[in-house]
Number of protein chains: 2
Amino acid sequence: MDEIARRAGVSKTTVYRALSGQGRIGEDTRRRVLDIAEEAGYRPNRLARGLRRSRTGLIGVVVPGIEGQFYARVLEGIEKALQDVDHRVLLTVSRGEQEYELVESLLDMQVDGLIVASESDSPDFYERLLRRRVPIVFIDREVPGLHADLVATDHFAGGVLLAEHLRDKGYRKPAFLSVTDRPRPIGSIEDRWCGFRSVFRNACLLHHPFMGSVKRLLREGGDAAPAETFSELCLLALRGALEPLATFPYDCVFAQYDHFALAMIHLLQAHGIRVPQDVGVVGFDDHDFTEYTEPPLTTIRQPLREIGLQAAQRLLRRLEEPDLPAAALRLPPRLVARRSSDPLAAMEQP
Amino acid sequence: MDEIARRAGVSKTTVYRALSGQGRIGEDTRRRVLDIAEEAGYRPNRLARGLRRSRTGLIGVVVPGIEGQFYARVLEGIEKALQDVDHRVLLTVSRGEQEYELVESLLDMQVDGLIVASESDSPDFYERLLRRRVPIVFIDREVPGLHADLVATDHFAGGVLLAEHLRDKGYRKPAFLSVTDRPRPIGSIEDRWCGFRSVFRNACLLHHPFMGSVKRLLREGGDAAPAETFSELCLLALRGALEPLATFPYDCVFAQYDHFALAMIHLLQAHGIRVPQDVGVVGFDDHDFTEYTEPPLTTIRQPLREIGLQAAQRLLRRLEEPDLPAAALRLPPRLVARRSSDPLAAMEQP
DNA sequence: CGGTCTTGCGTAACCGATTCCGCGACCCAC
DNA sequence: GTGGGTCGCGGAATCGGTTACGCAAGACCG
């Protein structure tokens, strides 16, 4: 900038005025400076600007992992919304430990705000976060008793949708397969459970903490693991928890993730139990390829990209008006009905 | 920092010496300053540091999209490797247009280096990029004639693996289904084709530009699209290009992405052609759930996370030694053999 | 024609960490 | 005892935009 100023024979301030379009400046001076800047290939240093203005245009994003399609899609939405207003995403993937340290490192970089999808359930984490008074929007996971912005799927509605669907298809003895490794289900699963139960009063909760082992194996394994994908790991975990299956006492299962739903189907079929004729199975997420599985999987499609978009927009809004009251935005999910829960269709099509 | 200095009754320089551990400083002064800083909850401003040092610890990443699992996994690897050395990922998703503008915006933020997976095939883009003399590592896509670091799967080897596999399974009339929307296949697909042909001299290249329409639909659609997933779009595109199929003159097909492989299977089956008995189908990528499809899909697993890790490490190394000669790192893929290319196994298991 | 306002521009401080230079005190050795 | 070296520390410049303040010249008004 000094360079430009010298070449144009004016002061740095004047250069700034020309570049920013702010302040009073003579038309011919402005044009001359602009020409010289253009020719010199001048580009403003965003660090310096951020330092002075204490607005960087950086948004910190914390997600638990982007290998599954879930957060990847949300992230895509976030990035899109931010790119449209010339903001950038500073991405961190929290891998279990030291989540708060990650957040600190983002704040050190002077991010304007945070979008957080945390798997942490330490209240301490959230309290420290909010004490920082940084504009922040949570996604997906609702933290009970936390007064903060949230954008998520309406999981309750999802539970209702699936329950009604299963009921309409004639199922009567539903099981709700919760797979968390927490002492107590996380908010979203809890919501699904409530929605599910509001339709099926007799729903039974199968609660096994095997998600933990999957995640551990996943962390240790990665690409290097001998032939083990996430799907295979889910299968392994399920088998360990549910065997023997000879007497499966339910006629339908709501697995919380498509991965587990497919593992469940596999397991049932291996025991000669037909899906969907004997037992219907539904999942949640609508991953790629669930329409190509055998049988194709009934599931819930979450408005993932939309969650990202809304979260970003909410955050941007909060940057303008810091005193906006906190709000929770619950986006409606959609039922994707396929054969895994349709005994009639399965009869026709062998 | 001034604050700390005042409280400790020393100069800012001394505070810096205590905090950074550099320079000469008395043991007791050091301890005192550290205590005060701790108590005040002092955290260094990374912007200011970056401004002064012209090293920010930021790495710019440009990917064409993270909704598919491909770049998401690579990204996860990148983030992991960088997090380990306290660097951060500045993420941008290029959506067709103005890729170079995105890169410029990253440079404005003073990133230390770039990791780029570009879909662009304008040589101009790459030239401008290299003229900037920023440390840069390309991933996945090889740009012919470009002298720069590259980390990618060994696509040639992948082509060989699949060809040998198909040959061993008894197939003799192979088709190579290229789906690009380019006038000429991109480097990676080209490599696979060469590898494939080095085994199957009589392989036939089916080249249709329908990937373009899929991407366009995808961009327009997003979550909002009426019931259309990426998979469904692929199916649509394929159908348009290959119908009528009554006389499919090949006995096996190498589709370039799992999505298209499954769409192909669907299409074949809809015409009464059995997979794998009449026609074998193999894909590339090993997405989640390809083991649950009917039939389970034979495919190639790319070392995605490893690509990310290696790319990040390569970049970090180049930051230390800017004059390192450019190199291409090709990571070996792995064959995942399943039923979609195994007529014998299919005989046994109806 | 004096006073007030507007225009166009420059000076200097500032954001917060880093770094160059150098000074006084002290130690050691020749 | 004096020259050379080390130790512990401070002053001030610097990175590159941004902003508060002010000044001189001309416009405009009564």
Side-chain angles (χ1 to χ4, degrees), chain A residues 1-38 40-58 86-88 104-112 134, chain B residues 1-38 40-58 86-88 104-112 134:
Chain A
M1 208 155 161
D2 279 321
E3 171 76 13
I4 311 284
R6 197 148 12 88
R7 287 206 218 175
V10 296
S11 77
K12 207 166 49 160
T13 308
T14 300
V15 174
Y16 174 70
R17 282 193 267 257
L19 258 36
S20 71
Q22 295 183 1
R24 298 172 308 208
I25 186 175
E27 181 52 26
D28 41 355
T29 313
R30 199 180 66 83
R31 203 170 299 277
R32 185 158 43 89
V33 171
L34 250 31
D35 283 351
I36 294 178
E38 167 86 10
Y42 170 81
R43 298 232 105 206
N45 181 325
R46 298 287 224 127
L47 283 194
R49 169 183 303 190
L51 183 58
R52 183 63 228 253
R53 287 213 217 170
S54 43
R55 267 297 281 277
T56 52
L58 290 176
D86 196 30
H87 280 224
R88 290 284 97 81
E104 284 285 355
S105 81
L106 290 176
L107 294 178
D108 291 350
M109 205 64 89
Q110 311 300 113
V111 294
D112 294 336
V134 191
Chain B
M1 207 153 162
D2 277 320
E3 171 76 13
I4 310 285
R6 196 147 14 87
R7 285 208 220 175
V10 297
S11 76
K12 206 165 51 158
T13 309
T14 300
V15 173
Y16 173 71
R17 281 194 268 256
L19 258 33
S20 70
Q22 295 182 3
R24 297 174 307 204
I25 186 174
E27 181 52 25
D28 41 354
T29 313
R30 198 179 67 83
R31 206 170 296 278
R32 186 156 45 88
V33 171
L34 249 32
D35 282 352
I36 294 178
E38 167 86 11
Y42 170 80
R43 298 232 105 207
N45 181 324
R46 298 287 222 130
L47 283 193
R49 171 184 303 190
L51 182 58
R52 184 62 230 251
R53 284 213 213 166
S54 43
R55 268 297 279 280
T56 53
L58 290 177
D86 196 30
H87 279 225
R88 290 283 97 82
E104 284 285 356
S105 81
L106 290 176
L107 294 177
D108 290 350
M109 206 63 88
Q110 310 301 114
V111 294
D112 294 336
V134 192

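Chain letters run A, B, ... following the sequence lines, proteins first and then strands; every chain starts at 1. Side-chain atoms are counted along with the backbone in the values below, which use heavy atoms only and exclude waters and symmetry mates.
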Starting at CG of Leu47(A) and ending at P of dG17(D), how long is that distance when rounded to a whole Å? 10 Å
On DNA chain C, more 5' by nearest nucleotide between Thr14(A) and Ala48(B) is Thr14(A)
Please check if the number of heavy atoms outside Glu38(A) that lie under 6.0 Å from its CD is greater than 12. no
Looking only at side-chain atoms of Lys12(A), point me to the closest of dT18(C), dG17(D), dC9(C). dG17(D)
Sub-4.5 Å side-chain heavy-atom contact between Asp35(A) and Arg32(A): no
Report yes if the side chains of Met109(B) and Leu58(B) come closer than 4.5 Å at any heavy-atom pair, otherwise no. yes
Looking across every strand, which nucleic acid part, if any, lies under 4.0 Å from Arg30(A) by heavy atom: base, sugar-phosphate, or nothing? nothing
Without decimals, in angstroms, what is the distance between Met109(A) CE and dG16(C) C1'? 15 Å
Answer yes or no: is there an ion pair linking Asp86(A) with Arg46(A), defined by an N-O contact shorter than 4.0 Å? yes
For the pair made of CG in Asn45(B) and P in dC15(D), what is the distance, rounded to whole Å? 18 Å
In this structure, how many angstroms lie between the C1' atom of dT19(C) and the CD1 atom of Ile25(B), rounded? 15 Å
Among dT18(D), dC9(C), dG10(D), which nucleotide sits nearest the side chain of Arg24(A)? dC9(C)
Any Tyr42(B) side-chain nitrogen or oxygen under 4.0 Å from OP1 or OP2 of dA17(C): yes
What integer distance in Å separates Arg17(B):CZ from dC20(C):C1'? 11 Å
Want to settle it: does Ser11(B) or Gln22(A) sit nearer the 5' end of DNA chain D, counting the closest nucleotide to each? Ser11(B)
Which part of the nucleic acid, if any, lies within contact of Thr29(A), taking any heavy atom under 4.0 Å across all strands shown: a base, the sugar-phosphate backbone alone, or nothing? sugar-phosphate
Verify the contact: side-chain N or O of Arg52(A) to OP1 or OP2 of dC14(C), cut-off strictly under 4.0 Å; return yes or no. no
Tell me what Arg46(B) touches on the nucleic acid: a base, only sugar-phosphate, or nothing, going by heavy atoms under 4.0 Å. nothing
Nearest whole Å is fine: how far is dT19(D) P from Leu19(A) CG? 13 Å
Arg55(B) atom CZ is separated from dG16(C) atom P, nearest whole Å, by 24 Å
Expressed in angstrom and rounded to an integer, what is the separation of Asp28(A) atom CG from dT7(C) atom C1'? 12 Å
Tell me, do Asp112(A) and His87(A) make a side-chain contact under 4.5 Å, heavy atoms counted? yes
Can you find a side chain N or O atom of Thr13(B) that sits less than 4.0 Å from OP1 or OP2 on dC9(D)? no
